[in-house]
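All ligand and atom numbering here is 1-based and tracks the order in the structure.
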Amino acid sequence: MFEVIGERINTSRKLVQAAVADRDADYIIDDVQKQQEAGANFIDVNAGARIGHETEDMKWLLDTIQPIATVPLTLDSPDPAVLEMAFKMVEKTPMINSISLEKERFDAMMPFLDGKECKVIALCMDDAGMPNSSDDILARAKSLVQELNKIGIPTAAIYVDPLVQPISVESNKGTMVLDAVRAIKALFPEVHITGGLSNISYGLPQRKIINRTFVSLMMDAGMDSAIIDPLDKKIMATIRTADMLLGQDAFCMNYLKGVRSGAIES
Ligand code: THG
């Protein structure tokens, strides 16, 4: 089944940033409950936008969210120290977002993840920057899976993020990532593929139709998770419909349930 990682608790969003600055717990609780009701399988928590406040903001967000969370949290920070602190605070086995091949981050993340029970998002990023070909994405995914396996993280707990790039920059940025996802899944059938989608439409008008079409293509290639806004009814309907069309919905049960609840309409 496709796994939705709800992206809304992120201080880069203006209203969340204000709620965090004001320590407005009601706003945060309401938002998390809405994401859960809309079908989020994980709640991403990112406190990175208020410079100098990330540690205390992350602590406050976790204290606020945890009592009402019915799903596990995705701890989202580029800072290994913040992730380590957050990991100690959570009760349910979390998803760690993220490790990458950037040397400083990789070297700090590996000892921390060693022997831990958790899910891990592995970004196909290294010190040279974003990947430039599908072979490049595949090679980075391979290193990440192999290194994580060595410290006891099973392939089925790894969520590779191939890093989607704007199609407006180069017309092959869609096929580059689609081909890479097929190759990664051929090599590691158990690995998960996740990531943000909205980079694909950066610089173009009417972005949501691009994001929605792209997610269905990515699902055919093997993407089985994404970091999205679960309150966006249209992308959620596209995901549920694509799941059915790709044979992941026995007797069309989830699709029909979605229609009955009003979550899916044409
Ligand atoms: N991969 C991984 N983790 C990630 C990302 C990724 N974490 C952060 C990000 N990308 C995904 N999360 C968000 C959260 C919120 C928004 C977008 C991505 C968002 N953006 C509005 C916009 O761009 O218009 C901001 C508007 C506002 O201020 O409210 O809401 O790729 N592993």
Please indicate whether K208 has more than 12 foreign heavy atoms, meaning atoms of other residues, nucleotides or ligands, lying under 6.0 Å from its NZ.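 For K208, atom NZ is not crowded (no more than 12 foreign heavy atoms under 6.0 Å).
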Mark yes when over 12 heavy atoms from residues, nucleotides or ligands other than E190 sit less than 6.0 Å from its CD; otherwise mark no.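 Atom CD in E190 is not crowded, with 12 or fewer foreign heavy atoms closer than 6.0 Å.
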Which of the ligand 1 atoms, numbered from 1, are nearer than 4.0 Å to a heavy atom of [X]:
X    : answer
I227 : 1 (N), 2 (C), 3 (N), 4 (C), 11 (C), 32 (N)
I121 : 32 (N)
L123 : 32 (N)
S12  : 28 (O)
D161 : 1 (N), 2 (C), 6 (C), 31 (O), 32 (N)

Rounded to the nearest 0.5 Å, what's the gap from CG on D224 to CG on D243? Could you check?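 Result: 9.0 Å between the selected atoms.
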First locate atom CG of L138, then atom CG of D136, and finally report the distance between them rounded to the nearest 0.5 Å.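 Between L138 CG and D136 CG, I get 9.5 Å after rounding to 0.5 Å.
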Shortest protein heavy-atom distance from [atom], along with the residue and atom involved:
atom                    : answer
atom 3 (N) of ligand 1  : N97 ND2, 3.0 Å
atom 26 (C) of ligand 1 : R13 CG, 4.8 Å
atom 28 (O) of ligand 1 : K14 N, 3.3 Å

Protein heavy-atom contact under 4.0 Å for [atom]?
atom                    : value
atom 21 (C) of ligand 1 : no
atom 24 (O) of ligand 1 : no
atom 10 (N) of ligand 1 : no
atom 6 (C) of ligand 1  : yes
atom 1 (N) of ligand 1  : yes

For ligand 1, is there an N or O atom under 3.5 Å from any N or O atom of [X]?
X    : value
G196 : yes
D44  : no
N46  : no
S98  : no

Of the backbone atoms (N, CA, C, O) and the side-chain heavy atoms from C-beta on, which set of N199 has a member under 4.0 Å from an atom of ligand 1: side chain, backbone, both, or neither?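 Neither part.
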Tell me which part of D76 gets within contact of ligand 1: side chain, backbone, both or neither, using heavy atoms under 4.0 Å.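 The answer is the side chain of D76.
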Let me see the working for V45 and D76 under side chain to side chain contact (heavy atoms under 4.5 Å, CB included), right down to the final yes or no. CA-CA 6 Å; V45 184; D76 186 356; 6.0 Å; no
CA sep, side-chain torsions, deciding dist, call: N97, I227, side chain to side chain contact (heavy atoms under 4.5 Å, CB included): CA-CA 11 Å; N97 186 10; I227 307 169; 4.1 Å; yes
Can you check whether [Y]'s main-chain N or O pairs, donor with acceptor, with [X]'s side chain at less than 3.5 Å?
X    : Y    : answer
D26  : D30  : no
N46  : S77  : no
R207 : L204 : no

Side chains of V169 and Y202: closer than 4.5 Å at any heavy-atom pair?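 Not in contact.
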Are any of the side-chain nitrogens in D229 or K234 under 4.0 Å away from the carboxylate oxygens of its partner?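 Judged by the 4.0 Å cut-off on N to carboxylate O distance, D229 and K234 do not form a salt bridge.
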Does Y159 form a side chain to side chain contact (heavy atoms under 4.5 Å, CB included) with I193? I'd like the steps, not just the answer. CA-CA 5 Å; Y159 289 66; I193 306 288; over 6 Å; no
Measure from atom 16 (C) of ligand 1 to every heavy atom in R207, E7, M125 and give the option owning the shortest one.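 Comparing heavy atoms across R207, E7, M125, the nearest one to atom 16 (C) of ligand 1 lies in E7.
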